[in-house]
Amino acid sequence: MIHQNRRKELLSQLDDDSIVIVSTNPEQRRNGDVNYPFRPHSDFYYLTGFNEPEALAVITSSSYTILLRPKDKKREIWDGERLGVDNAPEALNADKSYTIDLLKNKLPKLIKGYKSIYFDPKPYSIDDEIIKILANKKYKSLGSILHEMRLIKDSDEISIMQKAADISAEAHKIAMQKVRPGMFEYELQSVFDGYFKQHNSEHAYTPIVAGGKNACVLHYIKNNKVLKDNDLVLVDAGCEVDCYASDITRTFPINGKFSKAQKQIYQLVLDAQIAAINNIRPGAKINNPHKAATDIIKQGLIDLGILQAEGELSQFYMHGTGHWMGLDVHDVGKYKDNDKHREFTPGMITTVEPGIYIRSDDKIDPIYHNIGVRIEDDVLVTEDGNTVLTRSLVKEIKDIESIMQLQK
Ligand SMILES: [Mn+2]
């Protein structure tokens, strides 16, 4: 029902003579005859709830047609059951269903008479075929309308994302309790691999487990070095539940106790993060959290003698403070309207993730060298402010240190 409502809502924003064409991802080859685990395209999944590869949805105000793989006894013995054309109408609430090999024959008939075609070609073979079939016909951007819908989460989406946030938060807590000097980064990562899998979820993105100076490499994913006594470890890991993401970063001391310098940097990032979250409410500009965070970090670094008053903050804080999150961890939806930052609206979900990264080649007091700190939570905009979906996970220094005493 929920997918039917979304299709209806989408069509209500288009002219009557519009037709929407949206395909899912193909399977991706890993090597030899091995594929990566299949993951549907988010636009397609949002409108259909169908998670088989090689499928196409054609949607108009009067009909919903799905093209999908045929039943194939031999293939199903190897790869598992397929929904099939006969079951599709009832299972997917579709009016008609055809096998995908009939694309060339059926699509020209389906689009006949429709003036506006909404289609975002992706660099996949099925979309290449559709482009050929559409020949000289013009098509309009589906994303510009659909992605605004995806940006505002409904109650079903919020409860799935809360579940993803809860699983990720618990895994981070266990990681804090399991970490030891001498452990490898990948061993700490395995806490997340195992916990996510135990809860029928996947990594929503490649996790970052970065000890010491590795935390200053923003997209460090090798995760293959030893975690050292007296260093911090930065973990950016979040799971995906039913294709919906969570995204959490915590930074904690490998031996369970922050040093004085680590505390100073950590507290500054935490103060910035809390100030940023306090700037999230309906009607507020979406760049207010970033402004609040950078003001605090800049002044704090100046007070510590790390940054000169005329210096560039981007030397130590070089990324944004958040991004939309949903079916994609970096979710769709515009950030600006006519070049101006838009306002928060209830139902939006954003991350809040300021950080400070001090490399050893930065000419400052060496006690601060190789400290990289980021703190990231997932925040839902509500009618009267916001709810932090990842609030169950500690982030105050004293709370992290005390949870780490309860070692596992
Ligand atoms: Mn993030």
Side-chain angles (χ1 to χ4, degrees), residues 39 42 147 150-151 153 157-158 160-173 175 188-189 192 196 201-210 214-221 223 232-241 243-252 266 269-270 272-277 279-280 286-294 297 314 316-335 341 344 348-357 372-381 386-395:
R39 200 309 189 156
S42 297
H147 294 172
R150 279 179 53 190
L151 176 58
K153 275 70 183 175
E157 294 178 296
I158 291 166
I160 296 169
M161 290 179 74
Q162 180 64 68
K163 192 174 159 197
D166 289 343
I167 293 169
S168 296
E170 186 60 24
H172 274 266
K173 184 182 153 197
L188 192 59
Q189 183 191 319
F192 294 85
F196 290 173
S201 65
E202 314 286 335
H203 283 280
Y205 53 93
T206 309
I208 297 169
V209 181
N214 298 333
C216 298
V217 179
L218 296 178
H219 287 165
Y220 178 82
I221 52 169
N223 304 350
L232 296 174
V233 60
L234 181 157
V235 180
D236 186 342
C239 72
E240 181 180 282
V241 172
C243 292
Y244 283 87
S246 57
D247 187 0
I248 302 184
T249 307
R250 287 293 185 271
T251 309
F252 43 97
Y266 186 93
V269 176
L270 183 58
Q273 203 239 11
I274 290 167
I277 291 172
N279 272 277
I280 296 178
I286 64 163
N287 60 325
N288 288 358
H290 184 63
K291 269 195 203 156
T294 48
I297 289 176
S314 62
F316 304 106
Y317 181 28
M318 58 297 274
H319 58 76
T321 296
H323 52 82
W324 303 135
M325 198 183 68
L327 282 165
D328 296 328
V329 63
H330 293 169
D331 208 26
V332 293
K334 284 184 295 186
Y335 291 87
H341 291 284
F344 286 115
M348 290 174 168
I349 294 183
T350 181
T351 66
V352 180
E353 50 179 309
I356 296 176
Y357 313 90
V373 174
R374 179 166 64 255
I375 305 169
E376 175 176 32
D377 283 305
D378 304 336
V379 181
L380 164 71
V381 184
N386 70 66
T387 300
V388 180
L389 299 179
T390 44
R391 65 192 173 281
S392 66
L393 182 59
V394 294
K395 58 184 174 183

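First listed ligand is number 1; within each ligand, the first listed atom is number 1.
- Atom-to-atom distance recorded for Asp247:CG and Thr249:OG1 is 6.0 Å, nearest 0.5 angstrom.
- Shortest distance from the Mn ion (ligand 1) to Asp247 is reached at OD2 (N/O/S atoms only).
- Using cut-offs of 30° and 60° for the angle between ring planes, the Trp324 and Phe344 rings count as perpendicular.
- Among heteroatoms of the N, O or S kind in Glu353, OE2 lies nearest the Mn ion (ligand 1).
- When you scan the N, O or S atoms of Glu376 for the one nearest the Mn ion (ligand 1), you land on OE2.
- Between the side chains of Ser42 and Asp328, at least one donor-acceptor pair of N or O atoms lies under 3.5 Å.
- Among the backbone and side-chain atoms of His323, an N/O/S atom is found under 2.8 Å from the Mn ion (ligand 1).
- Counting heavy atoms from C-beta outward, Asp331 and Lys153 have side chains that approach closer than 4.5 Å.
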